[in-house]
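Per chain, numbering begins at 1; letters A, B, ... match sequence-line order.
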Amino acid sequence: MSEERSLNFLEEIVEADLAAGKHVEIHTRFPPEPNGYLHIGHAKSICLNFGLADKYGGKTNLRFDDTNPVTEDTEYVDSIKADVRWLGFDWEEEHYASDYFDQLYAYAVSLINKGLAYVDDLSAEEIATMKGTPTEPGKESPFRNRSIEENLSLFTAMKNGAFNDGEKVLRAKIDLASPNMHMRDPIMYRIKKIHHHRTGDTWCIYPMYDFAHGQSDSIENISHSICTLEFEVHKPLYNWYIAQLGIFPSNQFEFARLNLTYTVMSKRKLLQLVQEKLVDGWDDPRMPTISGLRRRGYTPLSLRNFCERIGVQRRENIIDVGLLEFCVREDLNKTALRRMVVLDPIKLIITNYPEEQSEILKGENNPELEDNGGYRDLPFGRELWIEAEDFMEEAPKKWFRLAPGNKVRLKSAYIVSCTGFEKDASGKVTAVHCEYIPESKSGQDTSGINAKGTMHWISAEKAENAEVRLYDRLFQVEDPSSEEGDFKSYMNPNSLEIIQEAKIEPSLLEAQPGEQFQFIRKGYFTLDSKLSAGGKLVFNRTVTLKDAWSKESKK
RNA sequence: UGCCCGAUAGUAUAAUGGUAGUACGACAGAUUUUGGUUCUGUUUGUCUUGGUUCGAAUCCAGGUCGGGCAACCA
């Protein structure tokens, strides 16, 4: 018997319901409103919904909760579908709340007929005032006791466009004194004379979330309707509509939404960043959106693993973004091709390597793979580019890289011994001199020398150029939303560093969008899908490698 | 000052009345032609006060702290 992880609370509920015979098959749904792009919090919900159905042999629908035409658009519908698919999920049925407008209208009429709904002429402000406060009961609207006939004819008139926006609403007749504000005669329908992205101008009245969601679940025979904690107080209303209508009893269960350190997760805040051009768009690689993470180089598997690892509970939480980074490194380490790129180049001149000489060395593609994933050609010569930070004139303790007198292995090439360096007038090091040890050639080393450090390098003659973008966290504080004042004032001014001319090895000219690389000692990178065009290469850094030296050097 | 929900290492998450475990992090060591990977070890926790019980993270009561609820948003 294999080791089983313990069940999360949703799985326990499902297993109990299945065992009790409450449902023969479980059916879930992912119900986004098409008014923005999906973010990693949605990924948690997607993994939960699809994961649950998958685990218990059930089905999951994709349903667009498009009951408010003011904010919704097909652009969002398309991006949401693409993101869900990219994550690796395929829905059973695709639905839209707007497909149920006729049915929902009929449900509303039936509630009017049962004396459980009425047309109210009060203004939005009046309704709000008369609802009372959490500590004071509300007051009845003077229109609360209209006759069924009058309500029917007014509601029909509403539907037919006889009134303007805001003039009338349809309300459920429940309890103005309820301690739950959502039960104080909630609004079922409002008038909005605006074009809907799917139903066009067919309707001018639109159902509220509460009057659409539970019924949509019910129509689709959703057994477990999973949503975030803030809908908890809606549950009595969800159940009330279903009970009064006598329809399939879907059940709502709530979990805590995902929060991540050093970013924001609410659609409203993300939208602000986009609108105020503080980021490059919804798919800016610094955004916690699915499209941003994709462009940054995150893989579907790493995101799914992340969602699995964070678990699910009903308590507020904030996940360390380090866990997300761990998940993507874990995946990429096994799959990314190793390449050498010098981000901040200085020359390394091998004084005992003949000027006219050159050779082709072999570099392994990925030591984690069988047969090292094959090999690619690495041109080598007398002059190389190395990382400026890999040389120090005066080496600190435990410095394994280049410094006068130090020996270092050039990855997949030779061991070199540093013999000197050149400086310009300002004191800046412009080139480093060394001598190579011919018997130390990679793979056939007979020198017997043990170099402690290994460095990446590029042949100066054969090097190509590329733009490289280094990303850092978008915010400087762990939880921007909980800080005083405007969350935007906590943004990290250095979240994007652009390196115009990094030196790349020739094999990278063939890089394809979506391909992942590990630039040895520098991190994981991917080709930017938007900015790389017309022969210009732009690489995004997905995440750095773990860096033990930076910790050591800070001691 | 109403109603609802929650509280386990730094962060998450298990233990479902019977040994407080796991992951990420941190720290130390081994291996390493990436200061990466891998491996080993160490570290830190049941909000509080009572009660029930042979036995409580778990059940009960009070308190404290945190979150949610008064959109013609979802």
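Judged by distance alone, the side chain of His197(A) and the main-chain N or O of Glu72(A) form no donor-acceptor pair under 3.5 Å. Side chain of Glu483(A) to backbone of Pro480(A): no donor-acceptor contact under 3.5 angstrom is found. Counting only distance, with no hydrogens or angles, the side chain of Ser447(A) and the backbone of Glu439(A) share no donor-acceptor pair below 3.5 Å.
Evaluation of atom-type donor-acceptor distances gives a pair under 3.5 Å for the side chain of Ser442(A) against the base of U33(B). With hydrogens and angles ignored, a donor-acceptor pair under 3.5 angstrom links the side chain of Gln518(A) to the base of U34(B). For Glu478(A) against G10(B), a side-chain-to-base donor-acceptor contact under 3.5 Å is absent.
Annotation: A12(B) and G66(B) have their P atoms spaced 16 Å apart (nearest Å). To the nearest whole angstrom, the two C1' atoms, one in U22(B) and one in A14(B), are 7 Å apart. Rounded to the nearest Å, the gap between the P atom of U32(B) and that of A23(B) is 25 Å. Only the P atoms considered, A9(B) is 10 Å distant from U48(B), to the nearest whole Å. When the P atom is compared between G45(B) and G10(B), the two are found 7 Å apart, to the nearest whole Å. G62(B) and C39(B) are spaced 50 Å apart, taking the P atom of each and rounding to whole Å. Comparing the P positions of C4(B) and U44(B) gives a spacing of 40 Å, expressed to the nearest Å.
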Handout entry: Contact pattern, 5' to 3', of nucleotides 22-30 of chain B - B, S or - by protein heavy atom under 4.0 Å
Key = -SS-SSS--
Practice task
Could you encode protein contacts along nucleotides 67-74 of chain B as a string, one character per nucleotide from 5' to 3', using B for base contact, S for sugar-phosphate-only contact and - for no contact, with a heavy-atom cut-off of under 4.0 Å?
Solution key: S-SB-BSB
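Under the ring-ring contact (aromatic ring centres under 6.0 Å, His included) criterion, Phe380(A) pairs with Tyr353(A), Tyr414(A), Trp457(A), not counting sequence neighbours. Considering only residues two or more places apart in sequence or on other chains, Arg198(A) meets the side chain to side chain contact (heavy atoms under 4.5 Å, CB included) condition with Asp66(A), Tyr96(A), Ser98(A), Asp99(A), His196(A). For Glu220(A), the salt bridge (Lys or Arg N to Asp or Glu O under 4.0 Å) test picks out Arg63(A), with sequence neighbours left out.
In this structure, Lys168(A) is positioned above the aromatic face of Phe163(A), its NZ or CZ under 6.0 Å from the six-membered ring centre and within 45° of the axis.
The side chain of Arg338(A) approaches G36(B) more closely than any other nucleotide in the set U13(B), A12(B), G36(B). Residue Asn317(A) has its side chain nearest to U13(B) when only C5(B), A15(B), U13(B) are considered. Comparing U34(B), U8(B), G2(B) against the side chain of Arg315(A) picks out U8(B) as the nearest.
For the atom pair CD1 (Ile386(A)) and CE (Met340(A)), the distance works out to 12.5 Å, reported to the nearest 0.5 Å.
Here Ile310(A) lies in heavy-atom contact (under 4.0 Å) with sugar-phosphate atoms only. Within the 4.0 angstrom heavy-atom criterion, base atoms lie near Ser412(A). In this structure, Gly443(A) reaches the bases: a heavy-atom distance under 4.0 Å links it to at least one base atom across the strands shown. Within the 4.0 angstrom heavy-atom criterion, base atoms lie near Arg401(A).
Checked against Arg144(A) for a salt bridge (charged side-chain N to carboxylate O under 4.0 Å, His left out), the options Asp175(A), Asp121(A), Asp120(A), Asp185(A) give a single hit: Asp185(A).
Here the two rings, on Phe306(A) and Phe326(A), have centers that are 6.0 Å apart or farther. Side-chain rings of Tyr209(A) and His213(A) approach one another, their centers coming within less than 6.0 Å.
Atom C1' of nucleotide G6(B) and atom CZ of Phe9(A) are separated by 12 Å, given to the nearest angstrom. Between the CG atom of Leu258(A) and the P atom of U13(B) there is a distance of 10 Å, rounded to whole Å. Rounded to a whole Å, the CG atom of Asn372(A) is 19 Å from the P atom of G36(B). For the pair Glu330(A) CD and G36(B) P, the computed distance is 17 Å after rounding to whole Å. For the pair Ile174(A) CD1 and C3(B) C1', the interatomic distance rounds to 16 Å; values are reported in whole Å. For Asp547(A) and U37(B), the CG to P distance is 10 Å, given to the nearest whole Å. Taking atom CD1 on Ile318(A) and atom P on A7(B), their separation rounds to 18 Å, with Å as the unit. The distance from atom CZ of Phe400(A) to atom C1' of G36(B) is 14 Å, rounded to the nearest whole Å.
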Practice task
State the dot-bracket string of RNA chain B. Criteria: Watson-Crick or G-U wobble, both atom distances under 3.5 angstrom; notation: ( ) intrastrand, [ ] crossing earlier pairs, | interstrand, . unpaired.
Solution key: .((((((..((((....[..)))).(((((.......)))))....(((((..]....))))))))))).....
Practice task
Please report the C-alpha distance between Leu508(A) and Val341(A) in whole Å, then the side-chain angles of each, then the deciding distance to 0.1 Å, and finally whether the side chain to side chain contact (heavy atoms under 4.5 Å, CB included) criterion is met.
Solution key: CA-CA 9 Å; Leu508(A) 276 171; Val341(A) 170; 3.4 Å; yes
Problem - Intermediate values then yes/no, salt bridge (Lys or Arg N to Asp or Glu O under 4.0 Å), Glu364(A) and Arg338(A) - result: CA-CA 7 Å; Glu364(A) 55 193 23; Arg338(A) 271 53 172 178; over 6 Å; no
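Using a 4.0 Å cut-off between a side-chain N of Lys or Arg and a carboxylate O of Asp or Glu, Glu368(A) and Arg329(A) do not qualify as a salt bridge.
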